[in-house]
K.L.:
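Here's a structure for you.
Note on naming: letters A, B, ... go to the chains in the order of the sequence lines (proteins, then strands), and numbering restarts at 1 for each one.
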2 protein chains.
Amino acid sequence: MKATIYDIAKEAGVSIATVSKVLNGKGKISAETSKAIYAIMERLNYQPSVIATALTGKKTYTLGLLIPDISNPFFSEVARAIEDQGEHLGYSVIMCSTDNKDEKVERYISLLQQKQVDGIIIATGIDNKDIVEQLLAKGIPVVLLARDMPLIAVNTVVVDDYVGGCLAASHLIGLGHRKLAVIGEKDSVRSSRERIRGFRQTMEDHGIALQEGFLKTCDYKVADGKKKALELLQSEDSPSAIFACNDMLAVGALQAARAVGKKVPNDLSIVSFDNTLLSEVADPPLTTLAQPIEHMGKLVVNMIVEELHGSNKVKQRTVLRPELIIRGSTAAMIRS
Amino acid sequence: MKATIYDIAKEAGVSIATVSKVLNGKGKISAETSKAIYAIMERLNYQPSVIATALTGKKTYTLGLLIPDISNPFFSEVARAIEDQGEHLGYSVIMCSTDNKDEKVERYISLLQQKQVDGIIIATGIDNKDIVEQLLAKGIPVVLLARDMPLIAVNTVVVDDYVGGCLAASHLIGLGHRKLAVIGEKDSVRSSRERIRGFRQTMEDHGIALQEGFLKTCDYKVADGKKKALELLQSEDSPSAIFACNDMLAVGALQAARAVGKKVPNDLSIVSFDNTLLSEVADPPLTTLAQPIEHMGKLVVNMIVEELHGSNKVKQRTVLRPELIIRGSTAAMIRS
DNA sequence: TTGAAAGCGGTACCAA
DNA sequence: TTGGTACCGCTTTCAA
């Protein structure tokens with residue numbers, strides 16, 4: 001059987017209260033007692049039960065992480081960053097892949113509450129804002145990551161999607177491209193929407209209009225991107241550059257280009273977003289807007305832990321700047 | 001404040017014992033009482049505390065998952081499969097990326113025990129077998145996934161790495177290749193070792209010897225694979241085909257081929273292992289030995305849950321057969 | 001400096 | 001069919 005605080009107390013000839021105190025470094029305990037107790041804990045390989053501790057109203061040192069899909073490279077990289085910082089600060093993380101379904105979100109949130117997680121990191125799309133508000137109302141620390149609900153008073157870490165879109169457009173326009181197309185996620189995904197907005201705005205600032213039919217939206221997977229890119233590339237009047245709103249879509253576009261015999265970047269430039277493993281692995285490697293994934297993970301965990309500690313009462317919204325990483329998928333427009 | 005069993009009892013004018021019974025469907029409770037209590041639980045939005053329940057010796061409905069790195073596509077896909085089946089059966093999973101370091105493994109395991117997880121799935125390399133044995137000795141359900149420690153009585157799910165290696169070799173030899181090289185993980189990684197053993201054995205069965213210097217081992221990342229592949233391809237006497245022991249290494253090999261101007265599959269065939277997202281995304285898409293990831297996840301969760309229920313006392317070791325998926329990275333040897 | 005005892009939110013045994 | 005109550009392992013007053 002595992003040793004309990006009672007075993008330690010009995011062995012040391014003291015009360016459990018005393019043991020509890022040395023365990024938490026509280027109250028006044030004589031050096032000898034303390035030392036003796038430590039020795040016994042060591043010898044019995046005592047490990048306090050997080051469960052019992054949590055029941056007395058303390059923390060569980062567990063965080064919930066809601067993401068659309070842990071097998072999506074962007075989110076698995078985010079998860080890793082969060083796990084690392086969590087581990088650093090003593091927290092475990094429970095992963096919850098929601099497939100962006102509100103129904104799964106609700107199930108998971110309810111589960112996390114029953115397990116008394118100390119906080120919840122939400123990096124998944126949520127249609128129903130009530131869900132977040134209810135959490136907040138219950139006083140459960142929540143941080144939004146890569147999702148934005150500006151109207152709600154909740155700590156948030158996002159990358160500046162709008163600026164990312166602008167940078168993508170500038171880059172392509174600077175290379176001489178004028179016929180630009182966009183493949184994004186469906187309109188309900190705010191990050192994608194913002195990227196597109198930035199992209200379009202920058203185009204207009206340069207006096208270029210986003211052509212009718214050159215804006216495609218779909219789900220986030222490779223196959224979706226490929227399908228939409230094919231539509232773009234097979235029309236008689238096809239774009240010379242595509243901005244894909246994430247790496248998976250971009251890879252799909254790459255495949256589409258190959259399928260119709262267009263060479264990237266010579267016949268077609270592609271700019272992507274995320275800078276996951278995929279963008280390095282693709283051929284050619286993707287020019288992409290890098291999200292500072294590691295930093296995001298660190299920040300988001302710090303935020304939630306600070307909120308737990310009760311320090312840092314004011315809600316904040318941190319916006320990180322994406323950085324354009326130029327690789328092989330973009331090239332100057334060849335004048336014909 | 002969250003409603004507790006006491007609130008429900010008071011509201012219903014019964015004892016907490018009664019409420020507990022209807023909650024667990026135990027004992028004899030009159031239909032009316034039961035109905036009334038359900039109604040009140042509903043109204044008060046009552047959610048039993050997993051923490052409190054766990055403290056009374058019941059389960060936490062939480063599983064620990066030890067993997068080398070959640071951001072590695074193979075493991076993130078495995079994690080997703082495990083999470084899904086876990087959710088299906090009512091279990092959450094805590095992710096633990098170990099980087100294959102025993103020290104991190106031990107820290108995480110100790111943490112998981114303090115949190116009283118119901119079971120631990122180990123899919124990470126462990127040098128020290130004692131770690132697993134200690135767990136077993138404490139009666140904590142453990143299942144090994146994609147790792148093998150045949151001498152220890154522990155439930156295990158593995159893919160038949162040896163056969164995978166054989167299939168890879170057969171495929172290449174069938175295509176007419178004779179100068180075969182291998183890039184694997186370092187020798188301490190059993191799965192890689194077995195794949196290589198199978199590959200080599202099949203070569204020998206065909207009267208081909210694995211040439212000196214044509215076996216390279218390294219870490220598991222893309223850059224490692226690229227480096228080793230470059231060494232192979234830059235020697236004056238270079239192989240016509242490479243068997244890379246996982247998708248990341250294969251992608252590295254692909255990059256190396258490109259770097260030295262060899263076309264895959266015409267100048268060089270590459271067979272990979274895993275069939276993660278990467279193998280579809282690579283250009284050309286990789287011929288690879290598919291691990292039945294989803295099935296593995298399902299199986300491993302079922303096994304551990306069965307062990308929890310006390311059913312299925314006998315330890316079993318399930319070996320899954322990998323399947324050769326032929327894509328674009330392999331082609332018949334061109335006679336010169 | 002130490003200890004007794006009342007919780008925390010449930011479960012389960014034994015009575016009623 | 002219901003209820004009283006002793007736990008589960010730990011924290012935290014309040015006294016001693």
Side-chain angles (χ1 to χ4, degrees), chain A residues 1-38 40-41 44-62 110-118 138-139, chain B residues 1-38 40-41 44-62 90 110-111 113-118 138-139:
Chain A
M1 227 33 241
K2 282 197 52 160
T4 72
I5 200 172
Y6 290 94
D7 301 321
I8 307 296
K10 188 181 300 170
E11 194 76 7
V14 299
S15 76
I16 59 165
T18 304
V19 176
S20 174
K21 278 171 199 152
V22 334
L23 209 50
N24 300 289
K26 291 194 173 173
K28 304 261 147 249
I29 302 290
S30 76
E32 307 137 67
T33 325
S34 170
K35 194 168 301 174
I37 289 178
Y38 274 126
I40 294 174
M41 293 195 308
L44 268 51
N45 191 13
Y46 171 66
Q47 306 203 279
S49 157
V50 175
I51 297 288
T53 307
L55 191 56
T56 72
K58 313 217 359 178
K59 298 192 297 183
T60 52
Y61 288 94
T62 305
S110 148
L111 201 71
L112 292 174
Q113 284 179 259
Q114 288 188 44
K115 298 202 174 166
Q116 262 172 71
V117 296
D118 296 327
K138 285 182 190 157
Chain B
M1 229 32 243
K2 282 198 54 168
T4 72
I5 200 171
Y6 290 93
D7 301 321
I8 307 296
K10 188 183 300 171
E11 194 75 8
V14 299
S15 76
I16 60 164
T18 304
V19 177
S20 174
K21 278 171 200 151
V22 335
L23 209 49
N24 300 290
K26 293 194 174 174
K28 304 260 146 251
I29 301 291
S30 74
E32 306 139 65
T33 326
S34 169
K35 195 168 299 173
I37 289 178
Y38 273 127
I40 295 174
M41 295 196 304
L44 268 50
N45 192 12
Y46 171 66
Q47 306 203 276
S49 157
V50 175
I51 297 288
T53 308
L55 190 55
T56 72
K58 315 230 336 190
K59 299 191 297 183
T60 53
Y61 289 95
T62 305
S110 149
L111 201 70
Q113 284 180 259
Q114 287 188 45
K115 297 203 173 165
Q116 262 172 71
V117 295
D118 297 327
K138 285 183 188 155

K.L.:
Tell me the interatomic distance from B/K10, atom NZ, to C/dG9, atom P, rounded to whole angstroms.
P.N.:
12 Å

K.L.:
Go through A/V22 and A/T33 one step at a time and tell me if the side chain to side chain contact (heavy atoms under 4.5 Å, CB included) criterion holds.
P.N.:
CA-CA 9 Å; A/V22 334; A/T33 325; 5.8 Å; no

K.L.:
Is it the case that D/dC8 (base atoms only) and A/Y6 (side chain only) share a donor and an acceptor within less than 3.5 Å, ignoring hydrogens and angles?
P.N.:
no

K.L.:
Could you check how far CD1 of A/I5 sits from C1' of D/dC7, rounded to whole Å?
P.N.:
16 Å

K.L.:
Taking the side chain as C-beta and beyond, is there a heavy-atom pair between A/N24 and A/K58 under 4.5 Å?
P.N.:
yes

K.L.:
Given atom CG of B/L55 and atom C1' of C/dT11, what is their separation to the nearest angstrom?
P.N.:
10 Å

K.L.:
Could you state the interatomic distance from CG (A/L44) to NZ (A/K10), rounded to the nearest 0.5 Å?
P.N.:
11.0 Å

K.L.:
Polar-atom pairs under 3.5 Å, protein N or O versus N or O of nucleotides 2-5 of chain C: list them with distances, or write none.
P.N.:
unit_1, atom_1, unit_2, atom_2, d
C/dT2, OP1, A/S30, OG, 3.2
C/dT2, OP1, A/T33, OG1, 2.5
C/dT2, OP2, A/S30, N, 2.8
C/dT2, OP2, A/T33, OG1, 3.4
C/dG3, OP2, A/S15, N, 2.8
C/dG3, OP2, A/S15, OG, 3.4
C/dG3, OP2, A/T18, OG1, 2.6
C/dG3, N7, A/K21, NZ, 3.4
C/dG3, O6, A/K21, NZ, 2.6

K.L.:
Calculate the interatomic distance between B/Q116 atom CD and D/dC8 atom P; express it in whole Å.
P.N.:
13 Å

K.L.:
Given atom NZ of B/K58 and atom P of D/dG9, what is their separation to the nearest angstrom?
P.N.:
16 Å

K.L.:
If the cut-off is 4.0 Å, is A/S20 near the phosphate of D/dT11, judged by side-chain N/O to OP1 or OP2?
P.N.:
yes

K.L.:
How long is the straight-line distance from CD1 of B/I5 back to CD1 of B/I37, given to the nearest 0.5 Å?
P.N.:
9.0 Å

K.L.:
Look at A/K26 and D/dT12 and indicate whether a side-chain polar atom (N or O) is within less than 4.0 Å of OP1 or OP2.
P.N.:
yes

K.L.:
If each of B/T56 and A/V19 is mapped to the nucleotide of DNA chain D with the nearest heavy atom, which maps nearer the 5' terminus, i.e. the 5' end?
P.N.:
B/T56

K.L.:
If you round to the nearest 0.5 Å, how far is CD of B/Q114 from NZ of A/K2?
P.N.:
6.5 Å

K.L.:
What integer distance in Å separates A/L23:CG from D/dC10:P?
P.N.:
8 Å

K.L.:
What does the inter-axis angle of the helix from C/dT1-D/dA16 to C/dA16-D/dT1 come out as, five pairs per end, nearest 10 degrees?
P.N.:
40°

K.L.:
Nearest whole Å is fine: how far is D/dC10 C1' from B/Q114 CD?
P.N.:
13 Å

K.L.:
For residues B/T62 and B/K115, is any side-chain donor paired with an opposing acceptor at under 3.5 Å?
P.N.:
no

K.L.:
Out of curiosity, B/Q47 CD to B/T4 OG1, how far, rounded to the nearest 0.5 Å?
P.N.:
13.0 Å

K.L.:
Should the heavy atoms of other residues, nucleotides or ligands under 6.0 Å from OH of B/Y61 be counted, would the total exceed 12?
P.N.:
no

K.L.:
Look at atom NZ of B/K35 and say whether more than 12 heavy atoms of other residues, nucleotides or ligands are closer to it than 6.0 Å.
P.N.:
no

K.L.:
Using atom OH of A/Y46 as one end and atom P of D/dG9 as the other, report the distance to the nearest whole Å.
P.N.:
10 Å

